[in-house]
Amino acid sequence: MGPADDAARLDPAETAVLQVETLGYSRSDVRHLLLTHLDRDHAGGIPDFPNAKVHVHRREYDVAVALRTPAPKGRYITAQWQHGPQWAFYAEGGEDWFGFKGVRALGDREPDILMIPLPGHTSGHCGIAVRSGDKWLLHAGDAYFFHGQMQASPKMPLVLGMFQRRADMDRAMRVENQERLRALKANHGDAVTIFNSHDPVDYENCRCGQHQEVPAHARAGCD
């Protein structure tokens with residue numbers, strides 16, 4: 001078995017743009033992209049939607065794009081936004097949501113889609129909350145990596161935990177936000193379903209794989 005056999009095999013059908021087209025829409029129908037953060041594995045699809053407005057926290061933009069604060073070497077791939085997308089920024093201030101502070105609605109006027117500041121993994125990391133009927137889905141991005149971290153007694157595979165710590169920009173803040181997410185699940189798990197970016201168990205449990213008709217005003221992507 002050589003290096004080629006060990007290489008990751010990527011399926012183009014899993015890209016956001018092809019999934020959108022499979023649902024019967026075109027890439028031009030996507031007008032908003034909500035990003036939890038700008039790490040390479042989350043921002044790679046931005047150029048596929050050149051007309052979409054990209055929503056991020058201001059701190060994330062300042063580090064990754066504007067370079068006002070030095071980023072760890074190799075953390076971001078600037079080619080992913082070289083086409084010059086239109087940005088929408090979320091800064092300090094906002095409302096409370098289940099005890100989380102500084103929550104902002106999409107464009108400050110769409111209360112069914114919220115940006116939830118969850119810094120730690122990166123400086124401007126956010127969660128994306130979407131109302132589904134009388135309940136909420138919370139995409140927590142990389143605020144945690146493994147579903148066991150949301151248990152009352154957190155569990156985490158050793159090697160994955162080492163990788164998570166290595167990726168932290170602010171470990172203390174990441175740990176604090178994980179504790180807040182655990183409290184949210186314990187106290188409001190009947191109203192809020194939490195999932196992250198990389199855990200297949202979370203993905204199956206959150207029902208995200210079940211496609212529903214999306215209102216035109218809320219048609220957006222998140223990562």
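Numbers for residues simply follow the sequence, beginning at 1. Quick caveat, the model's predicted, so the values are computed rather than measured.
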**Study point:** Under 3.5 Å: donor-acceptor pair, side chain of R40, backbone of G74
**Key:** yes
**Study point:** Minimal non-hydrogen separation, L18 against P12, with atom names
**Key:** CD1-O, 3.0 Å
Point to revise | Residues that A183 engages under side-chain contact (heavy atoms from CB on, under 4.5 Å), provided they are two or more places apart | key: N187
Point to revise | Nearest-0.5 Å distance, CG of residue D199 to CE of residue M150 | key: 10.5 Å
Check your understanding: Strictly by modelled atom types, are H32 and H55 linked by a side-chain donor-acceptor pair under 3.5 Å?
Key -> yes
Point to revise | Worked verdict on D96 versus V103 for side chain to side chain contact (heavy atoms under 4.5 Å, CB included) | key: CA-CA 6 Å; D96 288 358; V103 174; over 6 Å; no
Review point. Rounded to the nearest 0.5 Å, how far does CD1 of I194 lie from CH2 of W136?
Key: 13.5 Å
Point to revise | D202 and H147 side chains, donor-acceptor separation under 3.5 Å | key: no
**Study point:** Cluster check F98, Y144: I/L/V/M/F/W/Y, side chain < 4.5 angstrom
**Key:** yes
Practice item. Looking only at non-hydrogen atoms, find the nearest pair between R131 and P111 and report the distance. Key: NH2-O, 3.7 Å
Review point. Do E179 and V175 have side chains that get closer than 4.5 Å, going by heavy atoms?
Key: no
Check your understanding: Any chain of hydrophobic side-chain contacts (each under 4.5 Å) joining I113 to I116?
Key -> no
Check your understanding: If you round to the nearest 0.5 Å, how far is CG of L118 from CG of L181?
Key -> 5.5 Å
Exercise for review: Check the hydrophobic clustering (I, L, V, M, F, W, Y; side-chain heavy atoms under 4.5 Å; chains of links allowed) and say if F100 and V192 are grouped together.
Suggested key: yes
Review point. Side chains of T36 and I128: does their closest heavy-atom pair fall under 4.5 Å?
Key: yes
Point to revise | Straight-line distance of E21 CD to L23 CG, nearest 0.5 Å | key: 10.0 Å
Check your understanding: Around E95, counting heavy atoms of other residues, nucleotides and ligands shown, do more than 12 lie under 6.0 Å from its CD?
Key -> no
Review point. H125 and R59: side chain to side chain contact (heavy atoms under 4.5 Å, CB included), yes or no, with the steps?
Key: CA-CA 8 Å; H125 186 282; R59 287 197 302 267; over 6 Å; no
Review point. Linking I/L/V/M/F/W/Y whenever their side-chain heavy atoms sit closer than 4.5 Å, directly or via other members, would L35 and V17 fall into one cluster?
Key: yes
**Study point:** Gap between atom NE2 of H57 and atom SG of C126 - 0.5 Å precision
**Key:** 5.0 Å
Check your understanding: Within the side chain of K53, is there an N or O that forms a donor-acceptor pair under 3.5 Å with the backbone of L33?
Key -> no
Taking distance alone, no hydrogens or angles, what donor-acceptor pairs closer than 3.5 Å link side-chain atoms of residues 156-166 to residues at least two apart or in another chain?
unit_1 : atom_1 : unit_2 : atom_2 : d
Q164   : OE1    : Q149   : NE2    : 2.9
Q164   : OE1    : R174   : NH1    : 3.2

Check your understanding: L138 and L184: which non-hydrogen atoms are nearest, and at how many Å?
Key -> CD2-CD2, 3.8 Å
Exercise for review: Answer yes if the side chains of H121 and D39 hold a donor-acceptor pair under 3.5 Å, and no otherwise.
Suggested key: yes
Exercise for review: Compute whether any side-chain donor of one residue and acceptor of the other, for T122 and E60, lie under 3.5 angstrom apart.
Suggested key: yes
**Study point:** Pair Y90-L106, side chain to side chain contact (heavy atoms under 4.5 Å, CB included): steps then yes or no
**Key:** CA-CA 9 Å; Y90 296 77; L106 175 64; 3.6 Å; yes
Review point. Do Y203 and F195 have ring centroids that are under 6.0 Å from one another?
Key: no
Revision key, fill the gap. Tightest non-hydrogen contact, residues A64 and L38, listed as CB-CD1, 3.7 Å
Review point. Can you name the nearest heavy-atom pair linking P47 to G44, along with the distance?
Key: CD-O, 3.4 Å
Check your understanding: Listed by chain and number, what are the side-chain contact (heavy atoms from CB on, under 4.5 Å) partners of V20, not counting sequence neighbours?
Key -> Y25, V30, F49
Point to revise | Derivation and outcome, side chain to side chain contact (heavy atoms under 4.5 Å, CB included), residues Y76 and W81 | key: CA-CA 10 Å; Y76 300 107; W81 44 81; 4.0 Å; yes
**Study point:** V54 with V63, same ILVMFWY side-chain cluster at under 4.5 Å
**Key:** yes
Practice item. For K135, look at atom NZ and say whether over 12 heavy atoms of other residues, nucleotides or ligands are found less than 6.0 Å away. Key: yes
Practice item. Check for a donor-acceptor pair, side chain of D142 on one end and backbone N or O of S197 on the other, with a separation under 3.5 Å. Key: no
Point to revise | D168 (side chain) donor-acceptor with D170 (main chain) under 3.5 angstrom | key: no
Revision key, fill the gap. Heavy atoms of N196 and G141 approach each other most closely as CB-O, 3.2 Å
Exercise for review: Classify the ring geometry between H198 and F145 as parallel (under 30°), tilted (30 to 60°) or perpendicular (over 60°).
Suggested key: perpendicular
